[in-house]
Structure formats: C-alpha cells, structure tokens
Amino acid sequence: MEEKTQNNQKLTKYLVDILIDIAGGLLLTVAIYCFAIPADFPMTGVSGVALILYHLFHTPVGMVTILLNIPIAIACYKPLGRQFYLNSLRTTVVTSLIMDAVGPRLPVFQGDMILAAVSGGVLCGIGYGIIFMRNSSTGGFDFITMALKAKWPHISLGKIAFVTDSIVIVAGGCLIGNVTAIIYGLILNYLYSAVLDRVVYGTNYGKLTMIITDHPKEVAAAIDQEAGRGSTIIHASGSYSGEKKEVVLCACNNKEMYVIKKRAHEIDEKAFVIILESNEVIGEGFRLPGETSL
C-alpha cells in the first residue's frame, strides 16, 4: 500500500511538472512571438551568441546554437546533477513543441515599443520563474544561470540572468548598430529579471522557516553551509501520537528561503516545511535594534 501511494505521488508530481511546463511554454511563446520578435529586440542566450557569430563570421545560426549547447551542458552537469538535466530535457521538448505549434498562430503586437518590452519582460519572468521553481529549465543559458546560482546561492536568479543576458544584448545590438533596440532589450531584460525574482522568492523580505524533520542536525548544518544562517532546534511532540519531533527554526530572507527549502527536502524527503511571512526581523543579519525600516 505504501509503495502504491509513493507511485501515485510520483505520478501526480510528474503530471504537475508537465502542466507547469505547458503553462511556462505558453507564457514564453506569447512573450517571444507576440512582443519580442515583432519589435525586433536583440536575442539573448545561446541563440543571441549564435547570431553574433553569424554577423562576425557568417556561420549558420542553427548549427552554432546546437554546437554551443553541447559544451555548456557538459560543463554544467556536475553542479546541476542528473535529475535537473532530465527535468530540463522534458521542459525543453514541451516548450519547443508549444512554440512551434502555437507561436505562428498568435496575433502580432504592433503597438508602442515600450509596451512590447514591458509585456515581454513580465511574461518571460513569470514563465521562467514557474519553470525554475520545479527544478527545471529550458536548456542553453539556463544551465549557466542555474550553475552560477549553485556556486553562489546568495545571488538571486534574476540578477544572474540579467547580467548574462545583458552582455549578449549589448554585444548583439552593437554589431547590428541599433542603439534603440539595445535600450528596449535591456528594459525587457530588467523587467524579466525583476519578475523572475518575485515569482521565485516572493515579495516580502523576512521569512520564518520551520522544518519538522528526523534529521535536524543535518538540516541545520546545511542551512549554515548553504545560506550562512544560524538556526534553532526545538524539541516538540506530536499531539496525536505523542511521538518526539525536532523542529529546525530559521529566520531568513526570500533568497535564502528558497535554498533552505530545497536543501531540507534533499536531506529529508518527508520533512514538513512551514514558511511564514515575517513583517519585521530584528537581530544580527537583519535590521539591528534602533534602525528604522525602509
């Protein structure tokens, strides 16, 4: 019975992942086909690099895109792991099929460029955000973004994506000689990165994370290592069974919360994680007594 329950849970999770991929793919398709392509914004990611090489050396864009993906995938495999790659393969297939099937049938936005940049940036931020939250990606530069995030977990995904994509946008725009496209491309990229962080990390600064686990010391050590935060282990007991429980209590910010939640479930799949919004956190690492909040 327990094995059947676990299989049902895995199937449910897989179906939810597919639905998230579909939703993310639709959002990205609308952003790209309705707003980014008609407005002729500079391309980002591996495709943007391939386009730069095309302008410099007249190399085929499609072939170079494939060739660039190979070393990126190999270099990022170790920090990201096998499961992330399998998830990304599924997501890449789903989103690519949606773009090819739905994209050409969508209406093209022909309004103001700034509206196209705003709409494209917001939709991309939401689309990529919900995909990243399922421990997946669409490949290419997403591998680099997630690998850099694994190396420097204190830096948000949005900031990493903004820097890497902005380099490609500026380089591509300079080659084409279209300063206006660079400006609008950076606006879209900024909004994308800001919305991405809001989707992944939330909007409030303070978080209170309570983790009920059978491995409290391992979880506390992981919190200290990954997020640089101290934690408190509280002894508790179940109200119904009377079974002794351990609760790891940690005050953190939004970025750290995402890492803590992920690591807690990696250590203990059955961990019960409660995340509470904190209106104010006073103490070391947050606002000190006597300081005014913004």
Same cluster or not: [X] versus [Y], using hydrophobic residues (I, L, V, M, F, W, Y) connected whenever any side-chain heavy atoms lie under 4.5 Å apart?
X	Y	result
Ile52	Val170	no
Leu28	Leu89	no
Met113	Val108	no
Leu86	Leu11	no
Val46	Phe57	yes

To the nearest 0.5 Å, what is the distance between [atom1] ([X]) and [atom2] ([Y])?
X	Y	atom1	atom2	result
Leu148	Met146	CG	CE	10.5 Å
Asp197	Tyr192	CG	OH	9.5 Å
Leu208	Leu249	CG	CG	5.0 Å
Glu246	Ser237	CD	OG	10.5 Å
Ile155	Thr145	CD1	OG1	11.5 Å
Arg90	Tyr14	CZ	OH	6.0 Å

key: Leu157, Val195, Ile130 screened by side chain to side chain contact (heavy atoms under 4.5 Å, CB included) with Val200, the one that passes   =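 Of all the options given, the one that passes is Leu157.
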For [Y], is there any backbone N or O sitting under 3.5 Å from a side-chain donor or acceptor partner on [X]?
X	Y	answer
Asn135	Phe84	no
Asp268	Thr213	no
Thr95	Thr92	yes
Arg105	Ala101	yes
Ser136	Asn87	yes

task = Show your reasoning for whether side chain to side chain contact (heavy atoms under 4.5 Å, CB included) applies to Phe272 and Lys245.
result = CA-CA 11 Å; Phe272 195 80; Lys245 297 286 185 179; over 6 Å; no
Closest heavy-atom contact between [X] and [Y]?
X	Y	result
Ile223	Cys250	CG2-SG, 3.8 Å
His265	Ala271	NE2-O, 3.3 Å
Ser193	Gly158	CB-O, 3.0 Å
Arg229	Ala251	CD-O, 3.7 Å
Glu218	Ile267	O-CD1, 3.6 Å
Ser137	Asp142	CB-CB, 3.4 Å

ask   = Does the pair Val118 and Phe35 meet the rule for a side chain to side chain contact (heavy atoms under 4.5 Å, CB included), with working shown?
value = CA-CA 9 Å; Val118 170; Phe35 300 104; over 6 Å; no
With a 4.5 Å limit on heavy-atom distance, are the side chains of [X] and [Y] in contact?
X	Y	value
Ile22	Leu26	yes
Val49	Phe141	yes
Lys270	His215	no
Ile183	Val179	yes
Ile182	Cys174	yes

key: Heavy atoms from other residues, nucleotides or ligands near OH of Tyr190 exceed 12 (cutoff 6.0 Å)   =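 No, OH of Tyr190 has 12 or fewer neighbouring heavy atoms, counting only those of other groups under 6.0 Å.
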inquiry  = Counting only heavy atoms from other residues, nucleotides and ligands, does the tally under 6.0 Å from CD of Gln225 exceed 12?
reply    =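 Not more than 12 within 6.0 Å, no.
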request  = Evaluate the side chain to side chain contact (heavy atoms under 4.5 Å, CB included) criterion for residues Ile169 and Leu186: first the C-alpha distance (whole Å), next the side-chain angles of each, then the deciding distance (0.1 Å), finally the verdict.
outcome  = CA-CA 7 Å; Ile169 288 173; Leu186 290 175; 4.2 Å; yes
request  = Compute the ring centroids of Tyr77 and Phe143, then answer whether they are less than 6.0 Å apart.
outcome  =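 Centroid distance Tyr77-Phe143: not below 6.0 Å, so no.
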message = Would Met210 and Leu276 count as a side chain to side chain contact (heavy atoms under 4.5 Å, CB included) here? Give the steps.
response = CA-CA 8 Å; Met210 302 173 65; Leu276 304 174; 4.2 Å; yes
